[in-house]
Amino acid sequence: MVRSIGILTSGGDAPGMNAAIRAVARACLNKGIEVYGIEQGFKGLYDGSFIKFDRRSTRNIINQGGTILRSARFPEFKDEEVRKVAISQLEKAGIEALVVIGGDGSYHGAMRLTEMGVNCIGIPGTIDNDIPRTEVTIGFDTALNTIVEALDRLRDTSSSHQRCTILEVMGRRCGDLAVWSGIACGVELIVTSEIGYNEEKIIECLKISKQSDKKHAIVVITEGITDVHALAKKVQAETGFETRANVLGHMQRGGRPSARDRVLASRMGIFAVELLEKGEGGKCVSVVNGHLEGLDIIETLSKPRETDFGIYEDARKIR
Ligand code: ADP
């Protein structure tokens, strides 16, 4: 029977992480399990930055973006000697198991620790929705709604000035933010790494729009594909559309978590504690066919994230 659990948030922050922290803490306390917040991800584990939680420690955070435990990039954690120090810090504090909230990098850290004898459960916290074998990650829904609001605003000014607007959104390895927001906002073109980048095709499509007397156009594109400002200049020169590029950036990371993210995070937090109670480790909490499951982390990380190309098809059908 596990007596003491630590929680940490690692990698990129995502709205809803606080709701997950709260759920883990409350589920533990309700079961009589001690619970510690670990600050700044694996860095805090190495430094021994632990805060013993009581019920009040997680009050008023369910609706807050970011993470009260803060996050950090700590590449040193790949080194086994560094992890040994972290484990000795856990032993000193009597923490027997961990819940790690983060992306696939954080899952690797959780896996390494489990291999060294500390049971860890991963919870997917990343706005990009880029974790394999889970239908959704914590933060995706909130970030999506932030993008939708931005695109709606851009549509107002874009149509008033008869412009083409290009919006770059996050999702370097997974274009879900672009595809979902693109459909939700009825944009002209969606460009992601899954579809591939074909500048000629983009310009051709916008030229046809302009010639068919369309008054404005919106293109949503994921980060890391091309320089959107340079693309805007080319589009303007070749299509006759006055074109502006916008990069939404870190705005997408912040903000109050949506109701969906709060519920998902709360349920995943409870589920993670239940897995640790059963003595399980090296697992991650995933949504499979709408239900929570505890899947093996190694197997999960060895799989590519499956792209739902059906949604791209649907986007094309209603362009
Ligand atoms: P994310 O979890 O969002 O993918 P990162 O890739 O930055 O973010 O990973 C978060 C942290 O996880 C890293 O800063 C590092 O401390 C730890 N980590 C990443 N990869 C490994 C690994 N192979 N072994 C051990 N720890 C790792």
Side-chain angles (χ1 to χ4, degrees), residues 6-18 20-21 24 37-50 65-67 69-90 98-134 136-140 142-143 169-174 176-177 193 222-224 249-250 252-254 257 261 264-265 268-269 272 281-286 295-305:
I7 324 162
L8 61 85
T9 49
S10 167
D13 61 307
M17 280 183 161
N18 281 325
I21 293 168
V24 171
I38 298 162
E39 296 185 295
Q40 289 191 278
F42 293 117
K43 182 178 184 304
L45 202 57
Y46 176 78
D47 294 337
S49 294
F50 307 151
T67 158
L69 292 174
R70 292 176 285 141
S71 188
R73 309 270 182 200
F74 187 55
E76 294 85 343
F77 207 66
K78 291 178 188 169
D79 179 346
E80 190 175 355
E81 294 308 311
V82 170
R83 293 199 298 276
K84 279 185 186 160
V85 173
I87 288 174
S88 70
Q89 296 282 19
L90 288 173
L98 287 179
V99 177
V100 173
I101 308 167
D104 62 347
S106 307
Y107 276 18
H108 274 110
M111 199 53 240
R112 296 282 93 85
L113 282 176
T114 304
E115 285 162 359
M116 293 168 79
V118 179
N119 275 349
C120 294
I121 300 294
I123 291 184
T126 159
I127 65 165
D128 290 358
N129 210 27
D130 60 354
I131 304 280
R133 298 172 85 205
T134 183
V136 68
T137 59
I138 295 169
F140 174 69
T142 307
V169 300
M170 284 185 171
R172 201 170 289 274
R173 294 177 313 163
C174 169
D176 282 13
L177 283 171
S193 54
T222 47
E223 63 184 337
H250 281 89
Q252 295 159 90
R253 286 264 185 86
D261 274 330
L264 178 70
M268 284 184 159
K283 295 211 162 161
C284 52
V285 184
S286 296
L295 304 180
D296 187 84
I297 290 184
I298 292 187
E299 240 180 271
T300 299
L301 291 176
S302 70
K303 297 257 162 34
R305 191 182 172 281

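For ligands, and for the atoms within them, numbers begin at 1 and follow the listed sequence. What you see is a predicted model; the values in this text were computed from it and never measured.
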Atom pairs and distances, donor-acceptor, side-chain atoms in residues 101-109, under 3.5 Å, two or more places apart:
unit_1: D104; atom_1: OD2; unit_2: R173; atom_2: NH1; d: 3.0
unit_1: D104; atom_1: OD2; unit_2: R173; atom_2: NH2; d: 3.3
unit_1: S106; atom_1: OG; unit_2: S10; atom_2: O; d: 3.4
unit_1: S106; atom_1: OG; unit_2: S10; atom_2: OG; d: 2.9
unit_1: H108; atom_1: ND1; unit_2: D104; atom_2: O; d: 3.2

Does any donor atom in the side chain of S286 or R133 lie under 3.5 Å from an acceptor atom in the other side chain?
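Checked: S286/R133 side chains show no N/O donor-acceptor pair below 3.5 Å.
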Would you check if there is a donor-acceptor pair between the side chains of S71 and D13 at a distance under 3.5 Å?
no
Would you name the heavy atoms of M116 and I87 that are closest together and state the gap between them?
CB-CD1, 3.5 Å
For a distance cut-off of 3.5 Å, show me each N or O of ligand 1 paired with any protein N or O, plus the separation.
unit_1: ligand 1; atom_1: 2 (O); unit_2: G103; atom_2: N; d: 2.9
unit_1: ligand 1; atom_1: 2 (O); unit_2: G103; atom_2: O; d: 3.4
unit_1: ligand 1; atom_1: 2 (O); unit_2: S106; atom_2: N; d: 2.9
unit_1: ligand 1; atom_1: 2 (O); unit_2: S106; atom_2: OG; d: 2.5
unit_1: ligand 1; atom_1: 3 (O); unit_2: G12; atom_2: N; d: 3.3
unit_1: ligand 1; atom_1: 4 (O); unit_2: D104; atom_2: N; d: 3.4
unit_1: ligand 1; atom_1: 4 (O); unit_2: D104; atom_2: OD1; d: 3.2
unit_1: ligand 1; atom_1: 4 (O); unit_2: G105; atom_2: N; d: 2.9
unit_1: ligand 1; atom_1: 7 (O); unit_2: R73; atom_2: NH1; d: 2.7
unit_1: ligand 1; atom_1: 8 (O); unit_2: R73; atom_2: NH1; d: 3.0
unit_1: ligand 1; atom_1: 12 (O); unit_2: G105; atom_2: O; d: 3.4
unit_1: ligand 1; atom_1: 14 (O); unit_2: F74; atom_2: N; d: 2.6
unit_1: ligand 1; atom_1: 16 (O); unit_2: F74; atom_2: O; d: 2.6
unit_1: ligand 1; atom_1: 18 (N); unit_2: G105; atom_2: O; d: 3.3
unit_1: ligand 1; atom_1: 20 (N); unit_2: G105; atom_2: O; d: 3.4

Does Y46 have its ring centroid less than 6.0 Å away from the ring centroid of F77?
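Judged by ring-centre distance (under 6.0 Å), Y46 and F77 do not meet the cut-off.
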Does any N or O in the side chain of T137 come within less than 3.5 Å of the main-chain N or O of T126, such that one atom is a donor and the other an acceptor?
yes
